[in-house]
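Single-structure report; data block below.
Remember, predicted model here, so these are calculated numbers, not experimental data. Per chain, numbering begins at 1; letters A, B, ... match sequence-line order.
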Protein chains: 2
Amino acid sequence: MSGQTHAPAALLANELFGGSRLSVARRAIAEAVRSLGGAFTAEELHEAVASSREGIGVATVYRAVAAMTAAGSLAPVGSRKGSTLYALCAGGDHHHHLVCTGCGTVVGIACPVDGSLMRSAEDAGYTVTAHEVTLYGLCAACTRARD
Amino acid sequence: MSGQTHAPAALLANELFGGSRLSVARRAIAEAVRSLGGAFTAEELHEAVASSREGIGVATVYRAVAAMTAAGSLAPVGSRKGSTLYALCAGGDHHHHLVCTGCGTVVGIACPVDGSLMRSAEDAGYTVTAHEVTLYGLCAACTRARD
DNA sequence: TCCTTAGTGAGAATCATTCTCAGATGAACG
DNA sequence: CGTTCATCTGAGAATGATTCTCACTAAGGA
Ligand SMILES: [Mn+2]
Ligand SMILES: [Mn+2]
Ligand SMILES: [Zn+2]
Ligand SMILES: [Zn+2]
């Protein structure tokens, strides 16, 4: 996972939405998610889906994003200008994300929360129940483009 | 820093706001920040400050939070019900936070982003420019209270 | 004390996200 | 295939956190 190009695997609308119902709108949304490639906001997804099918409401997009996130195929990866950023996430093993602030590309990274950190938390009397880790940076192309 | 009780150090309104002007409202806000102890939302801070001085506008509290955050004495530590959570943060060394979801207590933790993680990011062609790490859990008292 | 400018309070404005509701349609079942 | 009905959908209203505007006040250095 570490440093690998967080591959989209299947991308069948089918799987993206888990067990939920497969509508025309959701198929178009799944297609738009694929076309975007990297991280995106709900609004950007809404615009992208408009190119393949008109008239899909913004509420439907928000609901679809929630469904995909619940299904584990989408993960929130930070925020941009007040809107939450989402990206495709091949579930399975526990990992985190490195997001290119230039183009939105996302790669999975290994979880850095190790035993030593957990131990120091326990020493402080805490029981750790969850954690968030996200890295930001520039991908090879964006680093190059910046000169 | 690791596992230590993220001590408030001085807490003089003076230092909390960095170089900015010291008004009556901000002195009351600084006092309220101290009284809250743990993590809080802007709205909670607004309510808390009302007890020591009436009539302070919510916009003033938001501006004060922004000023303290800019000064490095406050840090965002996640969110609760849609509102950003802030907590006192003794600046200085690079560290992250472990927040008790029960009572809002916050302790500093060592940064787990190590060379190996950076190296794998570089292997993927990325230049890492920033990162966010936050742990959530229950402090000793809240763990006990939960039976 | 005077002057300049940052800070203040009220309320309007933004704006992402959620909710409401009546109508459409997946998909399971016979 | 039709029937059925819970799930989806679209439009627009509602929500709610945060920011902005603006006229006014008051730090605090000179
Ligand atoms: Mn992932
Ligand atoms: Mn801190
Ligand atoms: Zn992890
Ligand atoms: Zn760090």
Side-chain angles (χ1 to χ4, degrees), chain A residues 12-33 39-71 73-87, chain B residues 12-33 39-71 73-87:
Chain A
L12 302 177
N14 201 349
E15 322 185 352
L16 287 184
F17 286 97
S20 50
R21 199 172 282 184
L22 225 310
S23 66
V24 177
R26 288 190 168 186
R27 255 184 283 267
I29 289 170
E31 176 58 33
V33 166
F40 55 85
T41 65
E43 192 49 56
E44 288 166 354
L45 179 55
H46 183 225
E47 288 163 21
V49 79
S51 65
S52 76
R53 188 173 182 284
E54 308 268 326
I56 290 187
V58 67
T60 297
V61 173
Y62 273 96
R63 282 183 292 233
V65 166
M68 292 168 113
T69 301
S73 39
L74 229 52
V77 290
S79 68
R80 180 165 59 215
K81 253 218 319 170
S83 307
T84 303
L85 282 177
Y86 294 90
Chain B
L12 301 177
N14 201 348
E15 321 185 352
L16 288 184
F17 285 97
S20 50
R21 202 173 281 185
L22 225 312
S23 66
V24 177
R26 288 190 169 188
R27 255 185 283 267
I29 289 170
E31 175 58 33
V33 166
F40 54 85
T41 65
E43 192 49 56
E44 287 166 354
L45 179 55
H46 183 226
E47 288 164 21
V49 79
S51 65
S52 77
R53 187 174 182 284
E54 307 269 326
I56 289 186
V58 67
T60 296
V61 172
Y62 273 96
R63 282 182 292 233
V65 166
M68 293 168 112
T69 301
S73 37
L74 229 53
V77 289
S79 67
R80 181 165 59 215
K81 253 216 322 172
S83 307
T84 304
L85 282 177
Y86 295 90

Would you confirm whether B/H46, through its side chain, and B/Y62, through its main-chain N or O, come within 3.5 Å as a donor-acceptor pair?
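Checked: no pair found.
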For a side chain to side chain contact (heavy atoms under 4.5 Å, CB included) check, start with the C-alpha distance between A/T41 and A/T84, then their side-chain angles and the critical distance, and finish with the verdict.
CA-CA 6 Å; A/T41 65; A/T84 303; over 6 Å; no
Specify the separation, in whole Å, of atom [atom1] of [X] and atom [atom2] of [N].
X	N	atom1	atom2	result
B/K81	C/dT17	NZ	C1'	15 Å
B/F40	D/dA17	CZ	P	16 Å
B/E43	D/dT15	CD	P	17 Å

Between protein and nucleotides 21-30 of chain D, map the contacts as a letter string: B base, S sugar-phosphate only, - none, heavy atoms under 4.0 Å, written 5' to 3'.
B----BBS--
From [atom1] ([X]) to [atom2] ([Y]), nearest 0.5 Å:
X	Y	atom1	atom2	answer
B/E47	B/L45	CD	CG	9.5 Å
A/R63	A/M68	CZ	CE	15.0 Å
B/T60	B/I29	OG1	CD1	6.5 Å

OP1 or OP2 of C/dT17 versus the side-chain N and O atoms of A/T84: is any pair under 4.0 Å?
yes
Contact under 4.0 Å: B/Y62 side-chain N or O vs D/dT18 OP1/OP2:
yes
Closer to the 5' end of DNA chain D via nearest nucleotide, is it A/A25 or B/Y86?
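By nearest-heavy-atom nucleotide position, the 5'-most residue is A/A25.
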On DNA chain D, compare the nucleotides closest to A/R26 and B/G82; which residue's is nearer the 5' end?
A/R26
Where B/V61 and B/A42 come nearest, the two heavy atoms and their spacing:
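Taking B/V61 first and B/A42 second, the nearest heavy atoms are CG1-O, 3.6 Å.
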Do you know the tightest heavy-atom contact between A/F17 and A/A30?
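Nearest heavy atoms, A/F17 then A/A30: CE1-CB, 4.4 Å.
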Closer than 4.0 angstrom, basic N to acidic O: yes or no for A/E44 and A/R80?
yes
Can you list, in residue-number order, the parts of residues 44-54 of chain A that come under 4.0 Å of DNA chain D, counting heavy atoms only?
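DNA chain D contact set from residues 44-54 of chain A: A/R53.
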